[in-house]
Undergrad: 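Okay, here's the structure, questions in a sec.
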Amino acid sequence: MKIGLLIVDMQNAFLQDQREKMNVESACEHINHVANLLRSNNHCVIHIQDIEGAENLDSSPLLDIIPEIVVDHSDIRITKEESNAFWNTELEQTLIKQDISLVIVAGFAAEHCVLFTYNGARERGFKAVILQNGILSTKSDAISTTYRDRNIVSYPVVEFLVK
């Protein structure tokens, strides 16, 4: 079984002024740990960047992934303009090409893009889970609401799965 970690919208535009309020550092630790585990065991890490409304993709540092997230040269990048990262993107084809059957979703925002991408993966027949302690939101109850009635995975389980 090959695993793909989808790191959704961890960008300056959304998080630069929210780092302490949302405990971004803790979420990044979990995301980076799982990403490193997957990379070192030949699994896939995909960074999804929201470019909705962006006129010049190359010149806006707001579109950049925050520096707390480690981006490796082997990682895949996919841009999107919708909340569901599968909508009008090459994400589904990329997962199929990489032979990925389990998708772990992490990132921002729990109640929007994370949840919609999780649902998009399930609708397309992928096994999907949300990374415990790896999602963020500006809304206080959104994380617990997102976890409720959905499949979640902790990093020790990911460690077990890849070894």
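For this chain, numbers begin at 1 and follow the sequence in order.
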Undergrad: A quick test of your reading: do over 12 heavy atoms of other residues, nucleotides or ligands sit less than 6.0 Å from NZ of Lys2?
TA: yes
Undergrad: Looking only at non-hydrogen atoms, find the nearest pair between Gly107 and Ile31 and report the distance.
TA: N-CD1, 4.1 Å
Undergrad: Would you say the side chain of Met1 lies within less than 4.5 Å of the side chain of Leu161, judging by non-hydrogen atoms?
TA: yes
Undergrad: Assess whether atom CD of Glu25 is packed by more than 12 heavy atoms of other residues, nucleotides or ligands within 6.0 Å.
TA: no
Undergrad: Give, for atom CG of Leu91 and atom OG1 of Thr79, the distance between the pair rounded to the nearest 0.5 Å.
TA: 11.0 Å
Undergrad: Side-chain contact, heavy-atom cut-off 4.5 Å: Lys80 with Val8?
TA: yes
Undergrad: Test side-chain contact (heavy atoms from CB on, under 4.5 Å) on Arg77 and Ile65; report intermediate values, then the result.
TA: CA-CA 10 Å; Arg77 289 184 190 231; Ile65 295 169; 3.8 Å; yes
Undergrad: With the side chain counted from C-beta on, respond yes when Asp72 and Val45 share a heavy-atom pair under 4.5 Å apart, and no when they do not.
TA: no
Undergrad: For residues Val114 and Met10: do they belong to one hydrophobic cluster (side chain heavy atoms under 4.5 Å, members Ile, Leu, Val, Met, Phe, Trp, Tyr)?
TA: no
Undergrad: Which atom names give the shortest non-hydrogen contact between Leu5 and Ala106, and what distance separates them?
TA: CD1-CB, 4.2 Å
Undergrad: Looking at CD1 of Ile46 and CD1 of Ile76, how far apart are the two atoms once the value is rounded to the nearest 0.5 Å?
TA: 4.5 Å
Undergrad: Among all residues two or more places apart in sequence or in another chain, which pass the salt bridge (charged side-chain N to carboxylate O under 4.0 Å, His left out) test with Arg124?
TA: Glu92
Undergrad: Taking Gln49 for its side chain and Leu63 for its backbone only, find out whether a donor-acceptor pair lies under 3.5 Å.
TA: yes
Undergrad: Between His43 and Leu38 (side chain of the first, backbone of the second, donor and acceptor by atom type, cut-off under 3.5 Å), is there such a pair?
TA: no
Undergrad: Can you get from Val158 to Val70 by hopping between Ile, Leu, Val, Met, Phe, Trp and Tyr side chains that sit under 4.5 Å apart?
TA: no
Undergrad: Can you check side-chain contact (heavy atoms from CB on, under 4.5 Å) on Thr89 and Glu82, steps first, answer last?
TA: CA-CA 9 Å; Thr89 70; Glu82 308 291 339; over 6 Å; no
Undergrad: State, yes or no, whether a side-chain contact exists between Glu81 and Ile51 at a heavy-atom distance under 4.5 Å.
TA: yes
Undergrad: Identify, with sequence neighbours excluded, every residue that meets ring pair (Phe, Tyr, Trp, His ring centres under 6.0 Å) alongside His47.
TA: none
Undergrad: Between the side chain of Glu111 and the main-chain N/O of Ser137, is any donor-acceptor distance below 3.5 Å?
TA: no
Undergrad: Indicate if Leu6 and Val162 have the same hydrophobic cluster label, given that clusters are the connected sets of ILVMFWY residues with side-chain heavy-atom separations under 4.5 angstrom.
TA: no
Undergrad: If you apply the rule side-chain contact (heavy atoms from CB on, under 4.5 Å), what do you find for Val157 with Val129, and how did you get there?
TA: CA-CA 12 Å; Val157 172; Val129 294; over 6 Å; no
Undergrad: So Gln11 and Asp50, do their side chains get closer than 4.5 Å, heavy atoms only?
TA: yes
Undergrad: Filter on ring-ring contact (aromatic ring centres under 6.0 Å, His included), then keep only pairs touching residues 92-151, sequence neighbours left out; what's left?
TA: Phe14-Phe108
Undergrad: Is any side-chain heavy atom of Ile69 closer than 4.5 Å to one of Asn32?
TA: yes
Undergrad: Which residues satisfy the salt bridge (charged side-chain N to carboxylate O under 4.0 Å, His left out) test with Glu68, sequence neighbours excluded?
TA: Arg19
Undergrad: Please tell me whether Val34 and Val153 are part of a single hydrophobic cluster in this structure, the criterion being side-chain heavy atoms less than 4.5 Å apart.
TA: yes
Undergrad: From Asn36 CG over to Asn41 CG, what is the distance, rounded to the nearest 0.5 angstrom?
TA: 11.0 Å
Undergrad: Walk me through it: do Leu37 and Lys163 pass the test side-chain contact (heavy atoms from CB on, under 4.5 Å)?
TA: CA-CA 9 Å; Leu37 273 170; Lys163 296 190 179 191; 4.2 Å; yes
Undergrad: By salt bridge (charged side-chain N to carboxylate O under 4.0 Å, His left out), which residues pair with Arg39, not counting sequence neighbours?
TA: Asp75
Undergrad: Heavy atoms only: give me the nearest Ile78-Glu90 pair and the separation to one decimal.
TA: CG1-OE2, 3.8 Å
Undergrad: Given side chains that start at C-beta, do those of Val103 and Thr117 come closer than 4.5 Å, heavy atoms only?
TA: no
Undergrad: About how many Å separate OG1 of Thr146 and CG of Asp141, when rounded to the nearest 0.5 Å?
TA: 9.0 Å
Undergrad: Taking C-beta and beyond as the side chain, do Asn151 and Lys127 meet within less than 4.5 Å on heavy atoms?
TA: no
Undergrad: Write down the atom of Asn84, the atom of Gly120, and the distance for their closest heavy-atom approach.
TA: ND2-CA, 3.6 Å
Undergrad: How long is the gap from CE on Met22 to OG1 on Thr138, to the nearest 0.5 Å?
TA: 6.5 Å
Undergrad: Where do Cys44 and Ile100 come nearest, in terms of heavy atoms and distance?
TA: CB-CD1, 3.5 Å
Undergrad: Enumerate the ring-ring contact (aromatic ring centres under 6.0 Å, His included) contacts for residues 77-97, please, sequence neighbours excluded, ordered by first and then second residue.
TA: none
Undergrad: State, to 0.1 Å, how close Ile135 and Ala110 come at their nearest heavy-atom pair, and which atoms those are.
TA: CD1-CB, 3.8 Å
Undergrad: From Cys28 SG over to Leu136 CG, what is the distance, rounded to the nearest 0.5 angstrom?
TA: 7.0 Å
Undergrad: Donor-acceptor pair, distance only, cut-off 3.5 Å: does the side chain of Arg150 make one with the backbone of Arg148?
TA: yes
